[in-house]
Amino acid sequence: MGKNYKNDTVVYQIYPRSYLDTDGDGYGDLKGIISKLDYIASLGVNVIWLSPIYKSPDDDNGYDISDYKSIQPRFGTMDDFDTLVSEAKKRGIGIMMDLVINHTSDEHEWFRRALAGEEKYRNYYIIEKGKNGKIPNNWGNFFAECPWTPFGDEKNGEYYLHLFSKKQPDLNWHNPEVLEEVKDILNFWLERGVCGFRCDVINVIYKNTLADGKRRPILTGQEHYLSTEGCHDILRKLRESCLEPHGAWAVGETVFVDVQRAKDLCDESRGELDMVFSFEHMECDQIIVKWFKTKLRPKKLMRTLSKWQTALDWSSVYFENHDQPRFISRFCDSKEYRAEASKMVAGLLLTLRGTPFIYEGQEIGMTNGDFKNLFEVEDIESHNVYKMAKSLGLPKGYRWRMIQRTSRDNARTPMQWTAGEKAGFSSSEPWLKINANHTEVNVENEQNQQNGVLAFWQTMVSLRKENEVLKNGSFTSLYEGKSVYAYQREYEGKRLVSIMNMCSKAAKIPSSLALGGKLIISNYDGESDKLRPFEFRLIELD
């Protein structure tokens, strides 16, 4: 890839099962993505990140992989994948795969052969004897369940570790054979033409020890596996053996990462990751853990964004993905300003410093799912959390409201293409409930609006890709108020200022921001001496 690929890239994430179904089984597929490549190209993006499309039992929607070199049949075939890569390339778009190497599915051949007693494959996983008739240690689990499950015959007292679902046994990265297997997997896909990888929970893959951890409200034991030196060593070897020879790149989903850990992971001199996904800005409405939310406070969000913008030389910038509730639903609960809030988020995302990641549906202002009860929710994490909350004695109504606000399914509802039946997503019953607001919020409707949400996103992507200040400029925070946020981007003497109002009430423009300049773009028509609800302005200074 070119020297400035990070600066020149805008990524569009697709959750394949929710994008477009062409064969009528209720699940999106690769042919659906291929059929929408012209639409995707019209957004101005130049990389598509695909959530997992590998063969999987689907306990965790494809993040439990049973064959890394096969396509999940409901998504299509390897020929379909090759067509996607070649057709995307014709449009100047690269394909980035989702790499899941902390764990496999318990239906993967390696784990099955381990269960059958083959010592070679037992050593691919973390299998331990219990202590005094109990599990091997006191660690916690990301999915709110016990991280140890009996391995084979319960009478033998052995357990396997799984930091996520019990159907996702963790790999043993102390075994050099695991590294060789993963190198082979990366090279398999790189040779098929992918441009890089998004690396799932990549900074927890190497466990230093299995000793008991310090007691914590969640994830006791994390000090034994979080961003260990063994993890850094693995990433360097994968870059040297796989990424560098193919000119590919890697962005890491990094759990509980702070600024220093992020710097260590994406420092060019260390040769590990190109970028990381940090989470602190996504936790500004969080109380201790993500399942307990409060109202998002814009000032806290501003402070966190500014902190990370200035701390790292370069990283990813995002506000939505398949694991997060829809961002505008987190701070804009007013239907009246849905469009304005979506446009404001576009202005924010595409004028910050870093590589922007847009999530499917974000470009038309899709909102959280409108689930009415737990039976309409598919997400395994949501069901486990609900059980945990019940065991803690939390009232039923509170438990359900908690899931409504935090469930990962909020971002996984099918893409809303039309106002018609099933939102133009499928000819049959979709795998997950479609939001009833698809009659208003859909691509077809947006394509007919000259000043709509989609048009604004397209304009902002174009600005981001063409403007050297937005691509390469430094970042300086100018103002962080109760709802007003302003920052400057500067490059080779040219300066741009982004100013926005992050609430549903008009706000005064601080006197310190009364700067002369030319208005480049706004999500409102006409002039105003105040910032209107969710108003965004980009100004070129004199």
Side-chain angles (χ1 to χ4, degrees), residues 11-37 39-40 48-68 70-78 80-81 83-85 88 95-100 105 107 164-165 167-168 194 198 200 253 320-326 357-364 366 368-371 375-383 407-418 421-435 438 442-443:
V11 182
Y12 185 66
Q13 183 192 355
I14 290 179
Y15 199 65
R17 71 189 58 226
S18 293
Y19 204 62
L20 182 64
D21 171 25
T22 63
D23 60 8
D25 67 352
Y27 289 83
D29 45 52
L30 293 177
K31 287 182 178 178
I33 299 170
I34 293 167
S35 73
K36 292 297 182 181
L37 282 174
Y39 166 75
I40 295 167
I48 293 171
W49 155 26
L50 296 175
S51 288
I53 56 172
Y54 315 96
K55 190 174 181 181
S56 166
D58 268 351
D59 180 64
D60 186 24
N61 288 13
Y63 283 87
D64 50 318
I65 298 167
S66 56
D67 188 343
Y68 287 91
S70 295
I71 301 294
Q72 177 75 316
R74 64 164 52 112
F75 292 151
T77 65
M78 193 62 78
D80 294 331
F81 177 80
T83 299
L84 173 61
V85 172
I95 300 297
M96 181 168 75
M97 298 288 279
D98 210 320
L99 184 68
V100 187
S105 165
E107 296 183 33
F164 296 87
S165 163
K167 288 185 68 63
Q168 294 170 303
V194 306
R198 175 264 188 185
D200 186 62
E253 181 198 28
E320 290 189 10
N321 62 32
H322 63 291
D323 281 337
Q324 299 286 341
R326 292 286 184 177
F357 284 71
I358 303 168
Y359 181 64
E360 65 175 51
Q362 191 174 13
E363 75 274 17
I364 60 170
M366 282 180 62
N368 278 351
D370 58 345
F371 306 109
F375 297 106
E376 294 181 339
V377 175
E378 297 287 340
D379 175 33
I380 182 175
E381 180 189 66
S382 298
H383 284 271
S407 176
R408 299 184 300 178
D409 277 355
N410 279 310
R412 298 175 178 183
T413 58
M415 185 71 176
Q416 296 167 197
W417 295 105
T418 72
E421 188 179 5
K422 300 179 178 63
F425 166 74
S426 178
S427 60
S428 64
E429 194 63 29
W431 75 277
L432 186 64
K433 179 185 176 183
I434 292 172
N435 196 317
H438 75 274
N442 61 74
V443 172

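To the nearest 0.5 Å, atom CG of residue Asn321 and atom CZ of residue Arg412 are 9.0 Å apart. In this structure, CE on Met415 lies 15.5 Å from OH on Tyr15, to the nearest 0.5 angstrom. Put simply, OG on Ser426 and CG on Asp29 are 9.0 Å apart, with the number rounded to the nearest 0.5 Å. For the atom pair CD (Glu429) and NZ (Lys422), the distance works out to 5.5 Å, reported to the nearest 0.5 Å. The CG atom of Asp59 sits 9.0 Å away from the CD atom of Glu107 when rounded to the nearest 0.5 Å.
Between the side chains of Tyr12 and Glu363, at least one donor N or O lies within less than 3.5 Å of an accepting N or O. Between the side chains of Ser165 and Asp60, no donor-acceptor pair of N or O atoms lies under 3.5 Å. The closest side-chain donor-acceptor pair between Ser407 and Ser382 falls under 3.5 angstrom.
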Checklist entry - Under the side-chain contact (heavy atoms from CB on, under 4.5 Å) criterion, do Trp49 and His322 qualify, and how do the steps go? => result CA-CA 11 Å; Trp49 155 26; His322 63 291; 4.1 Å; yes
Item to check | Criterion side-chain contact (heavy atoms from CB on, under 4.5 Å) on Leu84 and Leu50, from CA distance to verdict | outcome: CA-CA 11 Å; Leu84 173 61; Leu50 296 175; 3.9 Å; yes
Item to check | Test log, rule side-chain hydrogen bond (donor to acceptor under 3.5 Å, both in side chains), inputs Asp80 and Thr77 | outcome: CA-CA 5 Å; Asp80 294 331; Thr77 65; 3.3 Å; yes
Checklist entry - Between Asp64 and Lys167, does a salt bridge (Lys or Arg N to Asp or Glu O under 4.0 Å) hold up when you go through it step by step? => result CA-CA 7 Å; Asp64 50 318; Lys167 288 185 68 63; over 6 Å; no
Next on the checklist: Arg326 vs Tyr359, test: side-chain contact (heavy atoms from CB on, under 4.5 Å). Steps then yes/no.
Outcome noted: CA-CA 10 Å; Arg326 292 286 184 177; Tyr359 181 64; 3.4 Å; yes
Next on the checklist: Using the rule given for side-chain contact (heavy atoms from CB on, under 4.5 Å), can you reason through Leu37 versus Ile48, listing the C-alpha separation, both sets of side-chain angles and the distance that settles it, and then say yes or no?
Outcome noted: CA-CA 10 Å; Leu37 282 174; Ile48 293 171; 3.9 Å; yes
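The side-chain contact (heavy atoms from CB on, under 4.5 Å) with Ile14 is formed by just one residue from the set Ile33, Ile53, Leu20; it is Ile33.
In this structure, Lys36 and Trp417 have side chains that are in contact, with non-hydrogen atoms separated by less than 4.5 Å. Residues Phe75 and Arg17 have side chains in contact (heavy-atom distance under 4.5 Å, counting atoms from C-beta outward). Counting only heavy atoms from C-beta outward, the side chains of Met366 and His438 never approach each other to under 4.5 Å. The shortest distance between side-chain heavy atoms of Lys433 and Asp409 does not fall below 4.5 Å. Inter-residue side-chain proximity for Ser51 and Gln13 is flagged as met; some heavy-atom pair is nearer than 4.5 Å. A heavy-atom distance below 4.5 Å is found between the side chains of Ser66 and Pro57. Annotation: side chain of Ile380 is in contact with side chain of Arg408 (closest heavy-atom distance under 4.5 Å). For the pair Thr413/Phe425, no side-chain contact is recorded, criterion being any heavy-atom separation below 4.5 Å from C-beta on.
We find that Arg74 and Asp58 are joined by a salt bridge, their nearest charged nitrogen and carboxylate oxygen being less than 4.0 Å apart.
Of all non-hydrogen atoms in Gly26 and Ser428, the two that sit nearest each other are N-OG, 3.3 Å. Here the closest non-hydrogen pair linking Asp370 and Ile434 is OD1-O, 4.0 Å. The shortest heavy-atom contact between Pro430 and Pro414 is CB-CG, 4.0 Å. Residue Ala88 comes nearest to Ile95 through the heavy atom pair CB-CD1, 4.0 Å, listed as atom of the first residue, atom of the second, then distance. Scanning all heavy atoms of the two residues, the minimum distance from Pro52 to Val100 falls at CG-CG2, 4.2 Å. Annotation for Gln362 and Ile358: closest pair OE1-CA, 3.6 Å, computed over non-hydrogen atoms.
With sequence neighbours excluded, the residues satisfying side chain to side chain donor-acceptor pair (under 3.5 Å) with Ser18 are Trp431. Taking the salt bridge (charged side-chain N to carboxylate O under 4.0 Å, His left out) definition, one finds that Arg198 meets it with Asp98, Asp200, Glu253, sequence neighbours left out. Qualifying side-chain contact (heavy atoms from CB on, under 4.5 Å) partners for Ser70, counting only residues two or more places apart in sequence or in other chains: Lys55, Asp67.
Residue-environment remark: CD (Glu376) exceeds the threshold of 12 foreign heavy atoms within 6.0 Å.
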